[in-house]
Amino acid sequence: MTGTTADPIRSLEGVVSAAALELGGTPVAGARLERPPRRDFGDFSSNAPMLLAPIVREPPREVAERLGQRVADALGPELERVEVAGPGFLNLFLADAWFREALGAAAAAEDAYGRLPATGLRHLVEFVSANPTGPITVASGRHAAWGDSLCRILEAAGHHVQREYYVNDEGSQVLRFGESIRARARGQEPPDDGYRGAYVADLADRLGAGANASAAELAEAGVELMVEEICASLERFRVRFDRFFREHELHREGAIESALALLRERGHVYEHEDAVWLRTTELGDDKDRVLRRSDGEYTYFAADIAYHLDKADRGFDRLVDLWGADHHGYVGRVQAAWRALGHDPDALELLIMQLVNLVERGQRVQMSKRQGEIVTLDDLIDDIGVDAARFFMLQRSHDTTLDLDLALAREQSQDNPVYYVQYAHARIASILRKAGDARVREALSADLSARGDALNTSERDLVKRVLELPAEIAIAAERRAPHRLTTYAHDVAQDFSAFYRDSRVVGAAEDGDDEDFRLTLAVQAKRVIARSLDLLGVEAPERM
RNA sequence: GCGCCCGUAGCUCAGUGGAUAGAGCGCUGCCCUCCGGAGGCAGAAGUCGCAGGUUCGAAUCCUGCCGGGCGCGCCA
């Protein structure tokens, strides 16, 4: 049955699908097992009969009856009973034997549990990419947490992942940055459109900038220092990149010219009023875009096309870009350019990250700022810590504005979801310490299926929850939805609390209960919480 | 004006075709002879923005409208 795999729910789904195939003569697309909304609808519920009904031309409930019979035959004693319900659901009530075997299988997988089979697909995820003209802000912090967590989840889902930060070290912004440093070095105010943060004067000091250094030199040196600082802030936030890709490389290697030549060859380029244009309107954009300005300079857009071409040439199956909300007007033209280059539109995903509002008791707040007018990621971490910052930033989907409640995030109590989850983990650790290593190992090597006592509701609920991890990871990866893991981790913690309330673990044997089963379940709940938190980049403490 | 995103409980949000729509916060009430009370249980609270449509079935898909956010440079 399911004992040889680390995804017992999937195996069960396979049994139902096989039965549906026999009945319908053809595979049923979209059939799945889901957790029913109410406990009296069983442990798992299949929508297969409703999908099968049109194929076999029978009422869904009749199909469900026949499917139920076959599933019952296939599962034998692991199934308690099936019920047909509602519009044609097949509800499965599983026997305790199934729960024991399933838990045993999950526990036997140890650290591999929740790690999905390799897909061979190579992903390049580009995120943060904040201009290297200032420290990392809270908004960029959300990009960092989210992008990094997505990468962790993609890896768990079996994909190969490369993390990349695109450094805009060219162009007018950078020059203005250099001019601002130079002004400070001369004891002057930066230009009106320059960078006015306190860190600029600090950079001027650290560079030992003489009054006659050029803005371009100062810009280059300033960018290098900023990249180092950004890197350090991100490292502190547990975010590491495989590569910082400099825009400068594209200019130096003639990559922009060759991208432009390729576009020209493919017939998408024209000249107008001394500028070179890309005809993006033919590919879904609302206006054509300039690639090279009339002054001969390439636009940021041209460099970005060259960058994406470079990524594609490196042989990735999937490019994921995470951009700020202020860049969403840019999506159409980059997609158009991507298609102009002849690439599969689905291979490039452009995701937009919405803004972060810092909130305290319902009011927008101004934090005390280390760097003048900018609220930096470091300021936030100093205030609420890395774990709370990451967890809170990951609780929401990327396309919704985030209200981050600082008061709640600071709170070290059960009201704070990150503490609630970490507390559950620490509490299980404490229980297992009390049991002792040797006793825990003994429990893990016991054959749970040989036991006979009835499981209680909260034990069964926790087993089911723990078994959901592989599917949760798969869905989070597919939908680019790290926030699902925050919900899941909280659910596990909650189900553990119910289990713990109802069932004594250490000393269960004295009451005649199955202590091996309970210890194994506690171990597995702890692993699953730790795994979920790891995918979020949040620590799972043994003690608090 | 055009484009994209959002509109679900008092608040912040989950829920990408299925059953009586969920969680956290807040609110009300209850539970500490028990492995961590940094805990648990129960309750009140919803015209899923509005109106049509598709479907056996719609918070979910389509169309229109209303409200909010963001974007619409030979800036990056």
Side-chain angles (χ1 to χ4, degrees), chain A residues 30 34 36-38 40-41 45 47 50-51 53-54 59-60 85-89 91 131 133 168 170-176 193 247 272-277 284-287 289-304 324-333 350 352 354-355 357 359 361-362 392 395-405 407-408 411-417 419-420 422-424 426-435 475 478-479 481 483-484 486-488 490-491 494 497-498 500-508 518 522 543-544:
Chain A
E34 46 196 40
R38 279 167 40 192
D40 50 301
F41 289 159
S45 167
N47 61 347
M50 290 177 284
L51 298 168
F89 287 103
N91 292 339
N131 283 345
T133 52
N168 297 129
E170 288 274 343
S172 55
Q173 295 292 342
V174 174
L175 194 60
R176 230 167 292 167
D193 54 355
E247 182 183 350
H272 176 66
E273 291 180 348
D274 296 327
V276 178
W277 296 72
D285 197 9
D286 40 13
K287 54 183 80 163
R289 308 292 174 174
V290 170
L291 293 168
R292 197 175 67 202
R293 292 183 273 165
S294 49
D295 64 5
E297 291 290 312
Y298 289 109
T299 58
Y300 175 85
F301 179 46
D304 217 15
D326 55 340
H327 277 64
H328 92 244
Y330 201 70
V331 169
R333 77 189 71 169
L350 306 175
I352 297 300
Q354 296 298 328
L355 300 171
N357 296 321
V359 169
R361 286 178 299 274
F392 274 71
Q395 274 186 295
R396 306 283 174 249
S397 146
H398 67 87
D399 55 15
T400 188
T401 306
L402 173 74
D403 281 4
L404 201 166
D405 187 332
L408 183 60
E411 215 169 297
Q412 311 224 347
S413 77
Q414 73 279 5
D415 295 343
N416 181 342
Y419 278 89
Y420 181 79
Q422 290 182 315
Y423 177 75
R427 197 184 207 184
I428 299 172
S430 159
I431 293 163
L432 297 178
R433 274 196 299 274
K434 179 157 183 161
I475 293 170
E478 261 167 47
R479 298 186 191 169
H483 68 272
R484 291 190 63 109
T486 62
T487 306
Y488 177 69
H490 196 269
D491 286 343
Q494 229 165 17
S497 293
Y500 177 73
R501 176 194 68 230
D502 295 341
S503 306
R504 188 174 174 194
V505 178
V506 176
R518 290 182 181 171
R543 292 186 162 82
M544 289 174 76

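Heavy atoms only: backbone and side chains are in, while hydrogens, waters and symmetry mates are out. Numbers restart at 1 for each chain; the letters A, B, ... are given by sequence-line order, proteins then strands. Everything quoted here is computed from the prediction, not taken from an experiment.
We find that CD of A/Glu34 is positioned 10 Å from C1' of B/rG17, with the value rounded to whole Å. Between A/Arg396 atom CZ and B/rC6 atom C1' there is a gap of 14 Å when expressed in whole angstrom units. Taking atom CD of A/Gln412 as the reference point, atom P of B/rG37 lies 17 Å away to the nearest angstrom. Computed from coordinates, the A/Leu432 CG to B/rC35 P distance equals 16 Å when rounded to whole Å. What separates CG of A/Asp399 from C1' of B/rU8 is a distance of 15 Å, to the nearest Å. The CZ atom of A/Arg501 sits 18 Å away from the P atom of B/rA38 (whole-angstrom rounding). Atom CD1 of A/Ile352 is separated from atom C1' of B/rG3 by 12 Å (rounded to the nearest Å). In this entry the distance linking CG of A/Asp415 with C1' of B/rG24 reads 9 Å, nearest Å.
Distance check on atom P: B/rA59 versus B/rG49 gives 10 Å, rounded to whole Å. Atom P of B/rU60 sits at a distance of 13 Å from the matching atom of B/rA51, rounded to the whole Å. B/rG57 sits 10 Å from B/rA19 when the C1' atoms are compared, rounded to a whole Å. Going from the P atom of B/rC2 to that of B/rC61 covers 23 Å, rounded to whole Å. For the P atoms, the distance from B/rA45 to B/rA21 is 14 Å, rounded to whole Å. On the P atoms, B/rC66 is 28 Å away from B/rU55, given to the nearest whole Å. B/rG7 sits 12 Å from B/rU12 when the P atoms are compared, rounded to a whole Å. Taking atom P on both nucleotides, B/rC48 is separated from B/rA38 by 41 Å, rounded to a whole Å.
Residue-level contact check: A/Pro417 touches neither bases nor backbone, having no heavy atom under 4.0 Å from any strand. Base engagement by A/Ser430 is indicated by at least one non-hydrogen atom pair under 4.0 Å involving a base atom. Note on A/Tyr419: nothing from the nucleic acid sits closer than 4.0 angstrom, heavy atoms only. Contact annotation for A/Asp285: no contact, since no heavy-atom pair falls under 4.0 Å across all strands. Contact annotation for A/Ala426: base contact, defined as any heavy-atom pair under 4.0 Å involving a base atom. Note on A/Ser503: a base of the nucleic acid sits closer than 4.0 angstrom, heavy atoms only.
The base-pairing partner of B/rG73, taking Watson-Crick or G-U wobble contacts with both distances under 3.5 Å, does not exist among the strands shown. The partner of B/rC11 is B/rG24, judged by Watson-Crick or G-U wobble contacts that both fall below 3.5 Å. In this structure, B/rC34 forms no base pair with any nucleotide, since neither Watson-Crick nor G-U wobble geometry is met with both distances under 3.5 Å. B/rG29 is paired with B/rC41 under the criterion used here, namely a Watson-Crick or G-U wobble arrangement in which both key atom distances are under 3.5 Å. Applying the Watson-Crick and G-U wobble criteria (two distances, each under 3.5 Å), B/rC50 pairs with B/rG64. For B/rU16, there is no paired nucleotide, since no Watson-Crick or G-U wobble pair has both relevant distances below 3.5 Å.
Not counting sequence neighbours, the partners of A/Asp415 by the side-chain contact (heavy atoms from CB on, under 4.5 Å) test are A/Leu408, A/Glu411, A/Ser413. By the side-chain contact (heavy atoms from CB on, under 4.5 Å) test, A/Arg289 is found to be paired with A/Thr280, A/Asp285, A/Asp286, A/Lys287, A/Phe301, A/Arg333, residues two or more places apart in sequence or in another chain being considered. By the side-chain contact (heavy atoms from CB on, under 4.5 Å) test, A/Glu478 is found to be paired with no residue, residues two or more places apart in sequence or in another chain being considered. Residues that satisfy the ring-ring contact (aromatic ring centres under 6.0 Å, His included) test with A/Phe41, not counting sequence neighbours, are absent from this structure. Legend: residues meeting ring-ring contact (aromatic ring centres under 6.0 Å, His included) with A/Tyr420, ordered by chain and number and at least two apart, are A/His490.
Annotation: of the two residues near RNA chain B, A/Gln494 and A/Pro36, the 5′-most nearest-nucleotide partner is A/Pro36.
Residue A/Arg484 places no side-chain N or O under 4.0 Å from the OP1 or OP2 atom of B/rA14. Between A/Arg427 and B/rG37, a side-chain N or O to OP1/OP2 separation shorter than 4.0 Å is present. The phosphate of B/rG40 (OP1 or OP2) has a side-chain N or O of A/Tyr420 nearer than 4.0 angstrom.
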A/Arg484 and A/Ile475: side-chain contact (heavy atoms from CB on, under 4.5 Å), yes or no, with the steps? CA-CA 8 Å; A/Arg484 291 190 63 109; A/Ile475 293 170; 3.6 Å; yes
Given A/Leu402 and A/Gln354, is the side-chain contact (heavy atoms from CB on, under 4.5 Å) satisfied, shown in steps? CA-CA 7 Å; A/Leu402 173 74; A/Gln354 296 298 328; over 6 Å; no
If a protein heavy atom is under 4.0 Å from the base, mark B; if only from the sugar-phosphate, S; if neither, -; do that for nucleotides 67-76 of chain B going 5' to 3'. ---BSSSBSB
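For B/rC25, the base adopts the anti conformation, since its glycosidic angle falls more than 90 degrees from zero.
Applying the 3.5 Å distance criterion, the base of B/rA19 shares no donor-acceptor pair with the side chain of A/Asp40.
Contact annotation: the side chain of A/Tyr298 never approaches that of A/Glu170 to less than 4.5 Å [non-hydrogen atoms, C-beta and beyond]. The shortest side-chain heavy-atom distance between A/Lys434 and A/Ile431 does not fall under the 4.5 Å cut-off. Taking the side chain as every heavy atom from C-beta outward, A/Pro87 and A/Met50 approach each other to under 4.5 Å.
The listed nucleotides are B/rG18, B/rG36, B/rA19; the one nearest the side chain of A/Ile431 is B/rG36.
The aromatic ring of A/Tyr423 is not stacked on the base of B/rG36, since the criterion of ring centres less than 5.5 Å apart with planes inclined by under 30° is not met.
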